[in-house]
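Note sheet for the following structure.
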Amino acid sequence: MSDTQISLVKVDATDIGDFKKELQDAFSIAVAEEFENLPDGPIPSDDDLDHSINAKGAVALRILCDGRKVGGAVVTINEQTHRNSLDLFFLKVGEEGRGLGHKAWLALEHRYPKTVAWRTYTPYFEKRNIHFYVNKCGFKIIEFFNDRHTDPNHPAVPDDPAGSEGFLFEKVM
């Protein structure tokens, strides 16, 4: 894997459907592994994805490995504060476990060199994500959201099997 080239390109209108489907497939696996009862419809919903992709400052990026689509990310870039967020990050099903995610993260850091700090969120049950962000990418857990300490940016959804528990991570550059 050390000789593979990772690059990032903006998602274009002709690719947005595949981008969303691949992201939903990747996210659904972890939810299916953790919970018996899955909500109806894709995870995250098309509406949630559209909201993230079209938010102010959001950039949807394709992760390419030697020119081949292997994943994607949605980041929100604040040009004034340079405090940015990694809103969505995924590798296509079957592409995980080979170091591509870490290389893609390093490519994101390189793409936005003025970043002062990155923040991201993941549900409490996503042990692979927690390991990845803390042990591979150098994030620190800065907050744990739960029923007693709710996250104003990720309100609880009544039928969400994951509930309202999750971690907020930050990486100071």
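Predicted model, so just to flag it, every value in this text is computed and none were measured.
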Inset, instruction - Would you please name every residue forming a side chain to side chain contact (heavy atoms under 4.5 Å, CB included) with Ala107, sequence neighbours left out? - result: Ile6, Leu8
Inset, instruction - Could you tell me if the ring centre of Tyr133 sits under 6.0 Å from that of Tyr121? - result: no
Legend entry - Sequence-distant partners of Glu95, salt bridge (charged side-chain N to carboxylate O under 4.0 Å, His left out), two or more places apart: Arg68, Arg98
Inset, instruction - Could you list all the salt bridge (Lys or Arg N to Asp or Glu O under 4.0 Å) pairs where at least one residue sits in residues 46-56, not counting sequence neighbours? - result: Lys20-Asp50
Legend entry - side chain to side chain contact (heavy atoms under 4.5 Å, CB included) partners for Ala58, two or more places apart: Ala55, Val74, Thr76
Legend entry - Asn146 side chain to Glu165 backbone, donor-acceptor under 3.5 Å: no
Inset, instruction - Give me the other members of the hydrophobic cluster that Val172 sits in, counting Ile, Leu, Val, Met, Phe, Trp and Tyr linked by side-chain heavy atoms under 4.5 Å, directly or via other members. - result: none
Legend entry - His110: ring-ring contact (aromatic ring centres under 6.0 Å, His included) partners, not counting sequence neighbours: none
Legend entry - Side chain Asn78, main chain Asn84, donor-acceptor under 3.5 Å: no
Legend entry - Pairwise ring-ring contact (aromatic ring centres under 6.0 Å, His included) hits with a residue in residues 43-89, at least two apart: Phe89-Phe132
Legend entry - Pairwise salt bridge (Lys or Arg N to Asp or Glu O under 4.0 Å) hits with a residue in residues 128-144, at least two apart: none
Legend entry - Residue pairs fulfilling salt bridge (Lys or Arg N to Asp or Glu O under 4.0 Å) with at least one residue in residues 72-91, sequence neighbours excluded: Arg83-Glu170
Inset, instruction - Identify, with sequence neighbours excluded, every residue that meets side chain to side chain contact (heavy atoms under 4.5 Å, CB included) alongside Asp15. - result: Val11, Asp12, Asp18, Arg62, Lys69
Inset, instruction - Give me the other members of the hydrophobic cluster that Val116 sits in, counting Ile, Leu, Val, Met, Phe, Trp and Tyr linked by side-chain heavy atoms under 4.5 Å, directly or via other members. - result: none
Inset, instruction - Sequence neighbours left out, what passes side chain to side chain contact (heavy atoms under 4.5 Å, CB included) with Ser7? Give chain and number order. - result: Leu64
